[in-house]
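Below: one structure, written as structure tokens.
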Amino acid sequence: MNKKINTIAVCGLSWGDEGKGKITDYLAQKSDIVVRYNGGNNAGHTINANGIKYKFKLIPSGAPLEKECVIGNGCVVDPKVLLEEINNLKKLGINVNLKLSSTAHVIFPFHIALDGLEEKSKGEYKAGTTKRGIGPAYSDKAGRWGIRIFDLIQPEILKPKLEKLFRIKKKLIQTYDPSWNMDFEPMFEEYASLGEKLKPYVTDTAYYLNKEIDSGKRVVFEGAQGNLLCIDHGMYPYGTSSNPNALGISAGTGIPPKKIGKIVGIVKAYTSRVGEGKFPTELFNDTADQIREQGHEYGTVTGRPRRVGWIDLFNIKYGIMINGIETVVITLLDALHGINPIKMCIGYELDGKRLESWPIQHEIIEKCKPIYREFEGWKKLTSNEWSELANQGYDSLPETMKKYLQAIKEELKIDIAMISLGPNRNDTILLDNELF
Ligand code: GDP
Ligand code: IMO
Ligand code: MG
């Protein structure tokens, strides 16, 4: 029997950019609240709705529908970026219903400076970060001298804490780059004023969310990044500094695990990755260029061309285990059109032996050879034709695409709840009416 659920989580199962923004927006139609629980403005979530292309970095993807949006305590917040996003939405005439956790951590200019300098000094071990200060801000959180939103909005609390932190960070930055300079007072004044502007949104979001969920409100938890970028369970050190998977939801919101009703894994029909770190199914040929162009695979935040390759069901199986995924959504199927054959990785071989489990250590992954199945592709259509097929439903899809989807289902031993055939909200086929 289906348990009645009123909360659902959207988690990327690969290296990010799986289409979480689009799917969150779709699910937001039937929800009251959308919550971000990890990451910061390293995320770039795209939503195409009402003829507008929104690109959100911090604001949860419930904003276009004017849903209640919550930025949880697990996030790191650059106040300038958040205020800019709020203002952009206001300019579009959208009501911004935002609640910002008082215990989320703040990104300062010295975090951004350190991000670039630390990357440089790491050489081959650099992750290719977005240089938004994410890692250094989470480092300070773990080091227990980070500044939280609660501090930011109270200048008398902010000043002594920030001064201490700033003095140390300045020394550290100058060991990397002696020419770096910044004065404390103007920075403090600027951030105190940013805090003042954010004050109206600040809330004890753990209490708020628990109360709303207990009263039956419908909530979507929106992950940023993807499982393989997880600081604990991803391809360390080539990942981000938070838990982007379902494991991060409770810590990043204050919602206990038992209140998370369902966890949906978002899977791209192929693989993409920005930044450093090898992946076994990566392509370096004309097919890669074709997929990149057809999928518009350029970073939402940094504009970097994304690296692309075949779908990797071995690492997705790992993601299903780590996230406790019950059902998946397959996105960007249209972007594979005209490619023939299409390959699907179903396992890895190392030294002539097939591996039982995904080898989390990058030194091992780099030596693995993917084991592939091959599929006949489907023909190229215009975006309008794809929208039309989405409108007509599953039966209208090319037989070759249905075979590809059936194989994903069988290999993963999991149901597909939804498929996505284009960037717009309606370019979507819901296969499981009970999804949410
Ligand atoms: P996120 O970070 O997981 O939210 O994903 P991004 O927004 O960074 O990247 C996904 C890109 O694919 C965006 O440009 C979306 O508009 C687009 N997109 C999402 N789903 C589909 C789809 O099914 N087909 C196509 N062609 N584009 C899609
Ligand atoms: P969304 O939410 C893809 C990658 C960076 C880099 C590594 C660490 O849009 O899926 P960071 O700036 O977090 O310290 O960078 O993680 N990365 C992402 N890749 N999508 C993202 O977010 C990402 N956020 C971070 O490229 O390799
Ligand atoms: Mg993205």
Side-chain angles (χ1 to χ4, degrees), residues 10-26 36 38-49 53-58 60-61 75-76 78 107 111-112 114-116 118-119 122 126-139 222-231 234-242 244 266-277 279 291 293-304 306-307 329-337 381-383 386-387 389-390 418-429:
V10 171
C11 298
L13 293 193
S14 305
W15 280 286
D17 305 324
E18 298 91 349
K20 298 175 295 291
K22 174 188 159 156
I23 303 306
T24 302
D25 166 71
Y26 184 92
R36 270 279 304 272
N38 79 295
N41 57 313
N42 47 350
H45 295 185
T46 319
I47 295 159
N48 284 46
K53 188 172 187 169
Y54 303 89
K55 290 183 177 195
F56 295 133
K57 294 167 186 156
L58 276 162
S61 297
C75 297
V76 284
D78 183 325
I107 298 177
H111 291 127
I112 299 169
L114 269 175
D115 197 346
E118 285 178 351
E119 279 274 279
K122 283 179 183 169
K126 70 170 194 267
T129 73
T130 57
K131 297 203 172 69
R132 300 303 192 261
I134 306 296
Y138 276 117
S139 299
E222 176 184 17
Q225 291 85 49
N227 187 53
L228 301 173
L229 291 169
C230 175
I231 183 84
M235 205 175 139
Y236 190 89
Y238 304 110
T240 191
S241 305
S242 65
I266 314 301
V267 176
K268 218 175 225 187
Y270 49 92
T271 301
S272 72
R273 183 169 193 179
V274 236
E276 303 297 323
F279 69 95
I291 296 175
E293 291 315 309
Q294 293 181 172
H296 306 290
E297 293 293 354
Y298 294 89
T300 312
V301 173
T302 59
R304 290 179 287 181
R306 293 178 185 148
R307 297 151 56 198
V329 175
I330 312 292
T331 59
L332 285 122
L333 280 156
D334 57 304
L336 281 182
H337 59 181
L381 299 176
T382 63
S383 49
W386 282 115
S387 298
L389 287 192
M418 204 194 290
I419 58 175
S420 173
L421 299 170
N424 298 312
R425 192 183 284 155
N426 294 333
D427 301 334
T428 313
I429 301 178

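Order of listing sets the numbers, starting from 1, for every ligand and every atom in it. Because the structure is predicted, anything quoted here is derived from the model rather than measured.
Ile134 has its side chain out of reach of His111: every pair of non-hydrogen atoms, C-beta onward, lies at least 4.5 Å apart. Using a 4.5 Å cut-off on side-chain heavy atoms (C-beta onward), Glu118 and Thr129 make no contact. Under the 4.5 Å side-chain criterion, counting only non-hydrogen atoms from C-beta, Thr331 is in contact with Ile23. At a threshold of 4.5 Å between non-hydrogen side-chain atoms, the residues Glu297 and Leu332 count as touching. Using a 4.5 Å heavy-atom threshold, the side chains of Tyr138 and Ser242 count as touching. Proximity of Asn42 to Thr240: side-chain heavy atoms (C-beta onward) are separated by under 4.5 Å at one or more points.
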Just do the side-chain contact (heavy atoms from CB on, under 4.5 Å) check on Asp334 and Leu381 with the steps written out, would you?
CA-CA 8 Å; Asp334 57 304; Leu381 299 176; over 6 Å; no
Show the numbers, then the answer: is there a side-chain contact (heavy atoms from CB on, under 4.5 Å) between Lys22 and Asp427?
CA-CA 10 Å; Lys22 174 188 159 156; Asp427 301 334; 3.9 Å; yes
Could you go through the side-chain contact (heavy atoms from CB on, under 4.5 Å) check for Arg304 and Thr130 one step at a time?
CA-CA 10 Å; Arg304 290 179 287 181; Thr130 57; 4.0 Å; yes
Let's go through Leu336 and Ile291 carefully: what are the C-alpha distance in whole Å and the side-chain angles of both, what is the deciding distance for side-chain contact (heavy atoms from CB on, under 4.5 Å) to 0.1 Å, and is it a yes or a no?
CA-CA 6 Å; Leu336 281 182; Ile291 296 175; 4.0 Å; yes
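Checking Tyr270 against Gln294 by side-chain atom types alone, no donor-acceptor pair falls below 3.5 Å. No donor-acceptor contact under 3.5 angstrom links the side chains of Arg425 and Ser420, judged on distance only. Ser61 and Glu222 share a donor-acceptor pair across their side chains, judged by distance under 3.5 Å alone. Side-chain polar atoms of Asp17 and Ser272 form no donor-acceptor pair below 3.5 angstrom.
Inclusion of Gln225 in the set of residues having an N or O under 3.5 Å from an N or O of ligand 2 is warranted. The distance criterion of under 3.5 Å between nitrogen or oxygen atoms is not met by Gly16 with respect to ligand 2. By the 3.5 Å distance cut-off applied to N or O atoms, His45 is counted among the residues near ligand 2. For a threshold of 3.5 Å applied to N or O pairs, the pair formed by Thr130 and ligand 2 contains at least one separation below that value. Considering both main-chain and side-chain atoms, Asp115 never comes within under 3.5 Å of ligand 2 through any nitrogen or oxygen pair. Between Ala43 and ligand 2, not a single N/O pair is under 3.5 Å apart. By the 3.5 Å distance cut-off applied to N or O atoms, Lys131 is not counted among the residues near ligand 2.
Regarding atom 27 (O) of ligand 2, its nearest protein heavy-atom neighbour is Ala127 O, 2.8 Å. The protein heavy atom nearest to atom 20 (N) of ligand 2 is Asp17 OD1, 3.2 Å. Distance from atom 15 (O) of ligand 2 to its nearest protein heavy atom, with residue and atom name: Thr129 CA, 3.3 Å. Considering only non-hydrogen protein atoms, atom 13 (O) of ligand 2 sits nearest to Thr240 OG1, 2.6 Å. The shortest contact between atom 8 (C) of ligand 2 and any protein heavy atom is with Gly239 O, 3.1 Å.
Electrostatic pairing of Arg132 and Asp115 does not count as a salt bridge here, judged by no charged N lying under 4.0 Å from a carboxylate O. For Arg307 and Glu276, the salt-bridge test fails: no basic side-chain N is under 4.0 Å from an acidic carboxylate O. Look at Glu119 and Lys126 and you find no salt bridge, because none of the NZ, NE, NH1 or NH2 atoms lies under 4.0 Å from a carboxylate O.
When non-hydrogen atoms are compared, ligand 2 lies under 4.0 Å from the backbone of Trp15 (N, CA, C, O) but not from its side chain. Of the heavy atoms in Leu229, only side-chain atoms (C-beta onward) come closer than 4.0 Å to ligand 2. When heavy-atom distances to ligand 2 are checked against a 4.0 Å cut-off, Lys20 comes that close only through its side chain, counted from C-beta outward.
Contact annotation: Arg132 has no heavy atom less than 4.0 Å from any atom of ligand 2. A heavy-atom separation below 4.0 Å is not found between Gly226 and ligand 2. At least one heavy atom of Gly128 sits under 4.0 Å from some atom of ligand 2. Using 4.0 Å as the threshold, Arg304 has a heavy atom nearer than that to some atom of ligand 2. Proximity of Arg273 to ligand 2 is not established, as no heavy-atom distance is less than 4.0 Å. Using a 4.0 angstrom heavy-atom cutoff, Val274 counts as in contact with ligand 2. A heavy-atom separation below 4.0 Å is found between Gly44 and ligand 2.
Here the rule is side-chain hydrogen bond (donor to acceptor under 3.5 Å, both in side chains) with Thr300, and of His45, Lys57, Arg306, Lys55 only Arg306 fits it.
For ligand 2, the atoms sitting less than 4.0 Å from at least one non-hydrogen atom of Gly275 are 26 (O), 27 (O), numbered in the order shown with element in parentheses. Interface of Ala224 with ligand 2, defined as ligand atoms under 4.0 Å from a residue heavy atom, comprises 2 (O).
Within 4.0 Å of ligand 1, the residues that place a heavy atom are Asp17, Glu18, Gly19, Lys20, Gly21, Lys22, Gly44, His45, Thr46, Asn48, Thr300, Arg306, Leu332, Asp334, Ser420, Leu421, Gly422, Pro423, listed by chain and number.
At a cut-off of 2.8 Å, measuring from the Mg ion (ligand 3), the protein N, O or S atoms that fall short of it are Asp17 OD1, Gly44 O, waters left aside.
What you find for Phe279 and Thr271 is that their closest heavy atoms are CE1-CG2, 3.7 Å. Between Ala127 and Gly239, the closest heavy-atom pair is CB-O, 3.9 Å.
Separation of atoms CD1 (Ile107) and CG (Asp78) is listed at 5.5 Å; rounding is to 0.5 Å.
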